[in-house]
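Before any comments, here is the structure.
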Amino acid sequence: MTEQAEPENTPDGGPGAPIARRTLLGVLGAGAAGLAAAPYLQAGWEKVLAKASQADPTGLTGLLPNPGGFRYYSIVGSVPRKNDTNYELRIDGLVDKVKTYTLADLRALPQTRIVHDVQCTDGWRVENTPFEGVKLSDLLDDAGVAAAGKALQFTSFDGAYTENLTLEQARRADMLVALRMQDAPITHEHGGPVRLYAAPMYFYKSAKWLSGITVTDRVVPGYWEERGYDIDGWLDGADKQAGGSGPVAGV
Ligand SMILES: Nc1nc2c(c(=O)[nH]1)N[C@H]1C(S)=C(S)[C@@H](COP(=O)(O)O)O[C@H]1N2
Ligand SMILES: [Mo]
């Protein structure tokens with residue numbers, strides 16, 4: 001299944017697209033007066049889409065759960081595919097040395113497996129989901145965080161999604177740069193080949209299609225946080241103490 005568009009970003013690509021097109025054709029048919037009205041119609045349509053998306057404000061997309069209970073979310077309509085030949089993760093910003101990692105580089109580092117419940121803000125939940133990858137803290141140690149570094153900003157090769165963690169959160173043992181999910185390489189739909197997995201937090205924190213980690217001097221609100229989500233996305237019952245481990249095991 002392919003990811004679908006977040007309606008507000010692609011008013012001609014959402015589920016109501018045929019109606020939008022009919023409306024626009026109607027406007028064009030009305031001639032110059034109709035053309036003048038078009039921007040207002042467009043604004044009205046955006047309100048309808050906004051209302052429709054309130055049921056699932058994380059911007060939903062693939063509404064149909066796959067057999068494992070997962071849904072696919074993307075705020076953009078299409079995302080390039082990356083693999084061994086063209087994937088790269090870059091760590092930059094307030095670091096001692098800028099680092100880039102290929103998939104082979106990441107696989108060669110010690111891997112950690114975490115089994116935790118995945119849950120997002122709209123209530124869907126998939127229990128006991130295994131993720132595997134490199135501890136974010138290992139990558140930070142590798143690059144070396146400068147004294148002024150206080151937070152991380154995550155960017156995605158979808159060109160749009162961003163997330164963040166404080167440095168203290170990022171250094172927990174249950175924050176992974178994940179290469180595997182459900183005991184298989186992360187699929188493109190789930191944000192592969194590499195996504196963040198912030199186990200103790202709501203799943204919106206776990207940026208898919210991860211391509212950049214920038215060390216910043218403050219928290220920069222992410223895509224959904226600009227739209228009302230908590231910056232600290234702790235799951236209920238998460239152990240918020242620094243270094244909280246959760247069910248972590250080396251593999
Ligand atoms: N790049 C990117 N990462 C993202 C999102 C997104 O739209 N784009 N959605 C977030 C949200 S709200 C959720 S619930 C999870 C969904 O992950 P999944 O599609 O693998 O189920 O990804 C998070 N990371
Ligand atoms: Mo979500």
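Since the structure is predicted, the reported quantities are computational estimates derived from the model, not experimental observations. Computed over heavy atoms, backbone and side chain alike; hydrogens, waters and symmetry mates excluded. All ligand and atom numbering here is 1-based and tracks the order in the structure.
Within the 4.0 Å heavy-atom criterion, neither part of Tyr223 lies near ligand 1.
Close contacts of ligand 1 with Ser156, meaning ligand atoms under 4.0 Å from a residue heavy atom, involve 1 (N). Near Ile75, meaning under 4.0 Å from any of its heavy atoms, are these atoms of ligand 1: 7 (O). Under a 4.0 Å criterion applied to the non-hydrogen atoms of Arg71, ligand 1 contributes the atoms 18 (P), 19 (O), 21 (O). In the vicinity of Tyr73, heavy-atom distances shorter than 4.0 Å reach the ligand 1 atoms 6 (C), 7 (O), 9 (N), 14 (S), 16 (C), 19 (O). Atoms of ligand 1 found under 4.0 Å from any heavy atom of Cys120 (numbered from 1 in listed order, with element): 12 (S), 14 (S). For ligand 1, the atoms closer than 4.0 angstrom to any heavy atom of Ser206 are 22 (O), 23 (C), 24 (N). Every atom of ligand 1 is numbered from 1 in the order shown, and the set under 4.0 Å from a heavy atom of Tyr72 is 19 (O). When each atom of ligand 1 is checked for a heavy atom of Asp158 under 4.0 Å away, the hits are 1 (N), 2 (C), 8 (N).
Side-chain polar atoms of Asp232 and Gln169 form a donor-acceptor pair below 3.5 angstrom. Looking at Tyr202 and Asp122, their side chains never bring a donor and an acceptor atom within 3.5 Å of each other. If you check the side chains of Tyr204 and Thr121, you find no donor sitting under 3.5 Å from an acceptor.
When the options Tyr197, Tyr204, Tyr161, Phe154 are ranked by their closest heavy atom to atom 9 (N) of ligand 1, first place goes to Tyr161. Among Trp124, Phe70, Phe203, the residue whose heavy atom sits closest to atom 15 (C) of ligand 1 is Phe203.
Between Asp230 and Lys205, none of the side-chain N atoms (NZ, or NE/NH1/NH2) sits under 4.0 Å from a carboxylate O, so this pair counts as no salt bridge. Ionic pairing of Asp84 and Arg107 is present here: one or more N-O contacts between side-chain nitrogen and carboxylate oxygen are shorter than 4.0 angstrom. One finds a salt bridge joining Glu127 and Arg125 here, because a Lys/Arg side-chain nitrogen approaches an Asp/Glu carboxylate oxygen to under 4.0 Å.
For the pair Lys208 and ligand 1, the shortest N or O to N or O distance falls below 3.5 Å. Looking at ligand 1, you'll find an N or O of Arg195 within less than 3.5 Å of one of its N or O atoms.
Under a 3.5 Å cut-off, the side chain of Gln111 and the backbone N or O of Leu106 do form a donor-acceptor pair. A donor-acceptor pair is defined here as one N or O able to donate and one able to accept, closer than 3.5 Å; no such pair exists between the side chain of Thr216 and the backbone of Val219.
Close placement of the Phe70 and Trp124 rings is indicated, their centers lying within 6.0 Å of each other.
Contact between Lys205 and ligand 1 is absent, with no heavy atom of the residue lying under 4.0 Å from the ligand. Residue Ser74 places a heavy atom less than 4.0 Å from ligand 1.
For Lys99, the salt bridge (charged side-chain N to carboxylate O under 4.0 Å, His left out) criterion is met by Asp142, not counting sequence neighbours.
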